[in-house]
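Below, chain A is the first sequence line, B the second, and so on; all start at residue 1.
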Protein chains: 2
Amino acid sequence: MAASYLKKGVAMGVSIDDVAAQAHVSTATVSRALRGLPRVSEPTRAKVLAVAKSMGYVASPSARGLASGRTRTVGVLVPYVDRWYFGHAIEGIDQVLRDNGYNLLLFSLGGYVHGTKRSFTESMVRKQIDALLVLSLGLSPEELRQLHTTDIPLMSVGGPVEGCSGIYIDDVAAASAATEHLIALGHRRIGYLRGGVQDEQNFKVPALRTVGFEASMARAELSLHPEWNVPGDFTVAEGVRAAAGIFDLAGPNPTAIFCGSDEMALGLLFEAQRRGIRVPEELSVVGIDDHDFSKAAGLTTIAQNPWEHGRAAATIVLSELDGKKEPQKKPYMPFELVVRNTTAPPMS
Amino acid sequence: MAASYLKKGVAMGVSIDDVAAQAHVSTATVSRALRGLPRVSEPTRAKVLAVAKSMGYVASPSARGLASGRTRTVGVLVPYVDRWYFGHAIEGIDQVLRDNGYNLLLFSLGGYVHGTKRSFTESMVRKQIDALLVLSLGLSPEELRQLHTTDIPLMSVGGPVEGCSGIYIDDVAAASAATEHLIALGHRRIGYLRGGVQDEQNFKVPALRTVGFEASMARAELSLHPEWNVPGDFTVAEGVRAAAGIFDLAGPNPTAIFCGSDEMALGLLFEAQRRGIRVPEELSVVGIDDHDFSKAAGLTTIAQNPWEHGRAAATIVLSELDGKKEPQKKPYMPFELVVRNTTAPPMS
DNA sequence: CTGTTAGCGCGTTCAT
DNA sequence: ATGAACGCGCTAACAG
């Protein structure tokens, strides 16, 4: 029995040499056989496979990485993992990565999207990953420059990022669809809870949705009420805060409100209920996302599928890594209006 | 100028040898200096640091891993990433890992908690990670065995796992606290939406909460109504389904319901609102978690902090890796009753 | 305090 | 089709 593959009583540390020895072939042959390369006779390959399996051999990722320069790991950079869009997108990414034998290295900014605690540098990526997926995040010019010097495939998910292709919906069109649903219902006094409170750096999504909203309002020749346009940060908490701000206003209230995210819409719904404002009788509400809670809450929304976005993006970078020409990428991922119980014609 | 560190026009591939050459020292000295090891004079160290920085040197993780046997990466195994508890726990873990120069390799079962698509094997972990954090997941005896043969630190988060220490709350006590809050309010007809619908394998949490609920009921000499005890899977959707099941019942309804998770409680709340059942006047509701939505919804609950759980667990495994004796681990993480607007004394 | 040297485990020519 | 030998970049003994 080969000397070195029994340590601590269990199979561990079994290296390619151990397999080679036991199979009576060279390490080169083992390497070829295991990776499905040509230039190995079928009998030999079968024998190697059998021996490797019986010894519980698994190639060392470090050694493989050192020798080949590829780690079979892709990095995923996210602003948060504990938010609806990101969690689902990561799930989708993880799935196709794993199905293809790749690993997922997670980098979360943990909410430090701005400021000095934001510590994402090229050194974190260096020689560690074969590709990088950037989720809905505005990268600074400097970060972008660093990333591009690493010379690995880059792709954004959930929003456009300068200098690289990405997977996302047409946010302008989505916001328009939501707004036009309200307009078609007969609403004329329409408010807007927008996401992206402050400087979201290069992250364009909030601005795009605003563009869609305002374009639709303009096309219908409806006027924008600045006091009904309040900013939030895409969270429930901001939804209730922003809603309270509008509800507290004197004068005529909007008969409908478009929310930049379902989380904000849900927050608004909670606040409305607290104040006894009946939805949709007195107020119509529409969001964007189709959050896990939206169906249960009966929220009308524009549905998008971050899980599919993740799958699509991962699939593309992997095919890029395999040298295949990347499949014709559709310009935008689909979205869909889902009418539920929070929208209706205005009473007045 | 050293020959090999300018390729493709940008700094890349600069190795420890390049630094050594440029600093006029040996590779060993560079290695020591950069890792803060002793046996290097201050002037030398400063010089090496300066040169390394100017050349943009970053050690290759693969080479480092091959030579040292440690990857500075810890694995995190989760059943889902797109669920409240897990997302926050991962966030906490990521933070302390990154602060200590460690990477986070994510393994998600993506909902395939059971069945054949569940593919987590020891080979995924082999030589790739220095430690593994298992989140709220029942591992099969076979998986546990495989994991232990890898001989790396193992720790569970969110629930107990046989054979390794873990970070979590006392679920029995938490469920009791929720139940007793209801009882103290004067409720006697109390229902229970429990999580963990089917065979959750070795995942104990649902069962523990059931134990806590039933123990408190027994202590108060209240009877369990089997028809008010309906199973779900911890999600909103299941919450509304389960709630509908109870509301549809003929005969006297419960005056209060304890939900095994806030998501289920929220689902119940949505369904109650849909049916015009007033909370808390006609029905009191209490959950467990303090989900992001709970404050906005005014849900009374037992709060726990998965973010802190993640931080604590990561801190412990890291200190274990550093050979420090692990800090005295508190037996349980804290939880707290947060009374909001969904609980009140019963009307009748 | 510093330099030399031998691996770590695998991919990859280049012979054969 | 197969094997011998070198190199990937770094850490860790050991020498000095």
Side-chain angles (χ1 to χ4, degrees), chain A residues 2-5 7 11-48 51-52 55-73 101 123 126-128 130, chain B residues 2-5 7 11-48 51-52 55-73 101 123 126-128 130:
Chain A
S4 67
Y5 89 96
K7 302 176 182 174
M12 82 164 287
V14 4
S15 80
I16 197 172
D17 295 290
D18 299 317
V19 177
Q22 184 132 346
H24 304 295
V25 295
S26 71
T27 63
T29 300
V30 174
S31 180
R32 294 187 197 106
L34 259 28
R35 290 185 299 150
L37 296 184
R39 302 176 165 250
V40 181
S41 70
E42 262 330 303
T44 305
R45 187 189 303 279
K47 163 125 199 170
V48 171
V51 172
M55 298 177 78
Y57 170 71
V58 178
S60 153
S62 294
R64 190 207 290 286
L66 222 209
S68 71
R70 304 164 100 285
T71 59
R72 290 196 78 79
T73 295
S123 68
R126 194 66 150 277
K127 295 268 107 191
Q128 288 215 103
D130 297 339
Chain B
S4 66
Y5 91 95
K7 300 177 183 174
M12 80 163 291
V14 3
S15 79
I16 197 172
D17 295 293
D18 299 317
V19 177
Q22 184 132 344
H24 305 295
V25 295
S26 70
T27 62
T29 300
V30 173
S31 181
R32 293 185 199 109
L34 260 29
R35 292 186 296 153
L37 296 185
R39 304 175 163 247
V40 181
S41 70
E42 262 331 303
T44 304
R45 185 188 304 277
K47 164 121 199 172
V48 171
V51 171
M55 299 177 78
Y57 170 72
V58 178
S60 154
S62 294
R64 192 205 288 286
L66 223 210
S68 70
R70 304 166 99 279
T71 59
R72 291 196 77 80
T73 294
S123 69
R126 194 67 152 276
K127 296 267 104 190
Q128 286 213 108
D130 296 341

For the pair made of [atom1] in [X] and [atom2] in [N], what is the distance, rounded to whole Å?
X     : N      : atom1 : atom2 : result
B:D17 : D:dT11 : CG    : P     : 11 Å
B:L66 : D:dA12 : CG    : P     : 12 Å
B:D18 : D:dC8  : CG    : C1'   : 13 Å
B:R70 : C:dC8  : CZ    : P     : 19 Å
A:M55 : C:dG9  : CE    : P     : 13 Å

*Is the shortest side-chain N/O distance from A:S41 to OP1 or OP2 of D:dT2 below 4.0 Å?*
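Yes, A:S41 has a side-chain N/O under 4.0 Å of OP1/OP2 on D:dT2.
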
*asked:* It should be established whether A:S26 places a side-chain nitrogen or oxygen under 4.0 Å from OP1 or OP2 of nucleotide D:dA4.
replied: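 For D:dA4, OP1/OP2 do not have a side-chain N/O of A:S26 under 4.0 Å.
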
What's the spacing between [X] [atom1] and [Y] [atom2] if we round to 0.5 Å?
X     : Y      : atom1 : atom2 : result
A:T29 : A:I16  : OG1   : CD1   : 9.5 Å
B:S15 : B:M55  : OG    : CE    : 8.0 Å
A:S62 : B:Q128 : OG    : CD    : 8.0 Å

*Looking at residues at least two apart in the chain, or sitting in another chain, which of them share a side-chain contact (heavy atoms from CB on, under 4.5 Å) with A:A20?*
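With neighbours one apart ignored, the set is A:T27, A:V30.
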
*Where along nucleotides 11-16 of chain C does protein come under 4.0 Å, by heavy atom, of base (B) or sugar-phosphate alone (S), with - for untouched nucleotides?*
SB----

*Check every strand shown and say whether A:V30 touches a base, only sugar-phosphate, or nothing at a heavy-atom separation below 4.0 Å.*
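Here A:V30 touches no strand at all.
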
*Base, sugar-phosphate alone, or nothing: which one does B:T44 contact when heavy atoms must sit under 4.0 Å apart?*
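Sugar-phosphate: the residue B:T44, judged by heavy atoms under 4.0 Å, touches backbone atoms but no base.
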
_Sequence-distant partners of A:R72, salt bridge (Lys or Arg N to Asp or Glu O under 4.0 Å), two or more places apart_ =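 With neighbours one apart ignored, the set is empty.
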
_A:V14 versus A:Y57, closest heavy-atom pair with distance_ =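 Closest approach of A:V14 to A:Y57, heavy atoms only: O-CD1, 3.3 Å.
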
*Go through the structure and list residues passing side chain to side chain donor-acceptor pair (under 3.5 Å) with B:T71, not counting sequence neighbours.*
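B:T71 satisfies side chain to side chain donor-acceptor pair (under 3.5 Å) with B:D130 once adjacent residues are dropped.
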
*Pairs involving residues 33-47 of chain B, ordered by first then second residue, that meet side chain to side chain donor-acceptor pair (under 3.5 Å) (sequence neighbours left out)*: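 Passing the test, one end in residues 33-47 of chain B: B:S31-B:R35, B:S41-B:T44, B:E42-B:R45.
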
*Return the angle between end axes of the helix from C:dC1-D:dG16 to C:dT16-D:dA1, with five pairs used per end and rounding to 10°.*
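One end's axis against the other's: 30°.
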
*Hey, does B:V58 have a side-chain heavy atom less than 4.5 Å from the side chain of A:K127?*
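No, every pair of side-chain atoms sits at 4.5 Å or beyond.
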
